[in-house]
Amino acid sequence: MIQVQLPDGTVKEYPDQATAMDVAAGIGARLAAAVIAAQVNGKVVDAARPIAESAGDAPQPYSLKLLTDKNPEALGVLRHSCAHIMARAVMKLFPGVSLAFGPTLSTGYYYDIGLDRPISEDDFPRIEAEMQKIIGDAEKFERFVLPRDEARKLCMDLKQDLKVEHIDTGLGDQSTVSFYRQGEFVDLCRGPHIPDAGRVKAFKLLSVAGSYWKGDANNRRLQRLYGTAFFSSKEQQAYLDQIEEAKRRAHRVLGKKLNLFSIANDVGQGLCLWLPKGAIVRSTLEEFIKRELINRGYQPVYSPHIARVELYEISGHFPYYRDSQFAPLFGHDAGQLVDFWIRRLKEHKLSSEEESKLVGTAKLMGADLSGYRASDNTEAKVAALREWEQKQERYLLKPMNCPHHIQIYKSQPRSYRDLPVRLAEFGTVYRHEQSGELNGMLRVRGLTQDDAHLFVAPEQVEEEFRQTLDLVKFVLASVGLDDYRIQLSLRDPASDKYAGEPEMWSKAEATLRKVLQDSKLPFTERQGEAAFYGPKTDFMVRDAIGREWQLGTVQLDFLLPERFQLEYIGNDNKPHRPVMIHRAPFGSMERFCGMLIEHFAGAFPLWLAPEQVRVLPVSEKTEEYARQVEKKFREAGFRASTDLKSSKVQAKIREAQLDLVPYMLVVGPKEAETGQVAVRDRIDGDLGAMSVEAAIARLKKENEDRVVRQVVKSEAPAAATNESGAELYAD
RNA sequence: GCUGCUGUAGCUCAGCUGGUAGAGCGCGUCCUUGGUAAGGACGAGGUCAAGGGUUCGAGUCCCUUCAGCGGCUCCA
């Protein structure tokens, strides 16, 4: 007999081979029919598997929780099983399918398959029909375990070459592996699964895309089929509606429609043009932050868009991120050539024939490389080229602002009395992001960070970090974003990509963790996600329709002060090393504004709206008065315009509504006579007539208080952009 | 960067198995002078992403390049 503890605390005895299903049946037939899976000692397992087996070596009593469609954990199980059903359907329809992996995602699942024939969305109805048939048959998912060599043979017999490879490599250290059988379909899989296919009540194939075996572009190309599944078609419809809603809000579409920004082919990939209306949104935000920063003791600075490469060699950015930077600008024509030459030498990919060509070309270009001898070893050659290179002017389009701000810090001696020094700049930086990564304003090659660097004494770090978090919270609240969590990114101690001493890292990480704990903000830790110079905290912000965005960031840095030999004089009259805090509450203006467009669906609150007020004269007879009203609003500080087209008011109203102008002022002979305006609110409609002064006062209050109205929070399940939990049920 | 799909008027798109380019919206002019989500008439706008090829003939078929979108990988 085994002892099982149920969630209410009671402990019961069951036969040795009892399953969660047996326990459920003992409680009631309806419960048994509703059970999807079980949780044994916190681990999600098959309901049909003996509890003792699921528990392994754990001591009794085993804790057991039955999972039904009410438990969120069950949804992952359902979706993974649906991935199997999809794979089975595809194998029925198309011969020669090699199965790879089929994990769940936070919003559904996918299965990677190897198949010569391309699958297109046109095939979805056929696949879905086949899946429906499988679900209708409601066959059981049956688990069985084989020793490795037998498992390998089974996969060979099934002609599943990728699974064979996975047993040989990925599962190399396991003596047995598990399979699941569902009718004729057998798949190597860790599980768990739903009891039978009939439990799937709603499913849909969503898209197909390319992928690679084990995520490596050098490996075999696979096709990835995305789908989703739910316990009810109502929940699924809510999810599909949310996808539609997200499409409706797409910032690239709205940005074009509302003339906010454009990315023109003739300017370049990933280079954003801020059109007048978009520029207002951005500059309004910038002005707002600037004022707030000055209140909080920051000092605005400016720095150039380029700097000597050496600056970034010292900081480490240039060597570390070389591939995602624009190529350096060389003062000498042969600079690029020599740079290429050095790289080839270092990689030992230079034949003597190529070498002599390079020597000849360098000479032709007028570079004096007299120190270079073909007979020298590689090291000496590189040194000779380096020596030449370092005599030349080399500039980098700045990928980061920090080295510049460091130079500003260094421009004068600093006393402990001066600290913290807080240098702020909306710094525009350029990064050569991979072409496939570019995405509207969310991922660009030229971006402006709302950047600042704080130079603080070690004992000030904690308090300053606390205040920085507070600032981020404040600015996010100003645009109505109040739903977020923080991600604390730590180094991976096993990796060598991080610079600096381990003690330095431990100290920095401990400080961040402590302040976060004190702040009571929800936070999660992620190993191996830190910047190369220090740990960071990122704000993961949920928008109006539940999507999560990585926005503001605060990073602690003990490394750059070291590399740049930063100092301040302490009260002991001795030099000390300050600590740096990098922080950007919005992240980049591009990304933040792109996100805001989607968050507000283009309908900005009054204080950010590009056009705040539009005066609509009823006919040309009232044009003169309309102009006067516009002038008064302009003088009161509003962004106002007048619609002087010869169309009817109805048409003007419709146009203003579609342009998402917050307030419309309808003026006709009546208003002209009494000095009034008929105010129409974009959200609430006609507010009736009032004096111009009253209207101005009303709007002024809403504007100055930065009131955010009509952001409807979505009821739909969150569609996280972050898929870190994705591998939970991977095959 | 890799990969699948896509590229026709300012925007959204139609254009069949190759036979000289079309709609709606927007824009301009004129008529209309009006009261809270579309008044009417007329008109201008295109080297069909760029380059090459096949063909008597290419928006349509083929190749290359560029760009966009999905996905992979990356993200200071």
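Here is the naming used below: chain letters follow the sequence lines, and residue numbers restart at 1 for every chain.
Between the A:D643 side chain and the A:K645 main chain, a donor and an acceptor come within less than 3.5 Å of each other. The main-chain N or O of A:L271 is never found under 3.5 Å from a side-chain atom of A:R445 such that the two would form a donor-acceptor pair.
Using bins of under 30°, 30° to 60° and over 60° for the plane-to-plane angle, the ring pair A:F261/A:H251 lands in the parallel bin. The aromatic rings of A:H432 and A:F326 lie perpendicular to each other, with more than 60° between the two planes, well past the 30° mark.
Under the stacking criterion of a centre-to-centre distance below 5.5 angstrom and an interplanar angle below 30°, A:Y321 sits stacked against the six-membered ring of B:A76.
Of the residues in residues 426-437 of chain A, those with a non-hydrogen atom less than 4.0 angstrom from any atom of RNA chain B are A:R431, A:Q434, A:S435, A:G436, A:E437.
In this structure, A:S324 and A:G210 both approach RNA chain B, and ranking their closest nucleotides by distance from the 5' end singles out A:G210. Nearer to the 5' terminus of RNA chain B, by closest-nucleotide assignment, is the contact made by A:G270 (compared with the other of A:G270 and A:A531).
Side-chain contact check for A:D451 versus A:F426: every heavy-atom pair is 4.5 Å or farther apart.
A donor and an acceptor atom sit less than 3.5 Å apart, one in the side chain of A:R443 and one in the base of B:C74. For B:C2, its base sits under 3.5 Å from the side chain of A:Y212 at one donor and acceptor pair at least.
Between A:H582 and A:Y533, the distance separating the two ring centers is shorter than 6.0 angstrom. Between A:Y312 and A:F318, the gap from one ring centroid to the other reaches at least 6.0 Å.
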Please assess A:F101 against A:H166 for the test ring pair (Phe, Tyr, Trp, His ring centres under 6.0 Å), listing each intermediate value before the final yes or no. CA-CA 10 Å; A:F101 297 104; A:H166 186 49; 4.9 Å; yes

A:R249 vs A:E245, test: salt bridge (charged side-chain N to carboxylate O under 4.0 Å, His left out). Steps then yes/no. CA-CA 6 Å; A:R249 289 164 177 258; A:E245 180 62 21; 2.7 Å; yes

Using Watson-Crick or G-U wobble pairs with both distances under 3.5 Å, give me RNA chain B in dot-bracket, 5' to 3', with [ ] for crossers and | for pairs to another strand. (((((((..((((.....[..)))).(((((.......))))).....(((((..]....))))))))))))....

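Contact annotation: A:K256 reaches the phosphate of B:U12 (side-chain N/O to OP1 or OP2, under 4.0 Å).
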Tell me, for nucleotides 29-43 of chain B in 5' to 3' order, what letter each nucleotide earns: B for a base near a protein heavy atom under 4.0 Å, S for only sugar-phosphate near one, - for neither? --BBBBBBBBS----

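Here the separation of B:C16 from B:G59, taken at their P atoms, is 12 Å to the nearest Å. Using atom P as the reference point in both B:C5 and B:A23, the two lie 32 Å apart (nearest Å).
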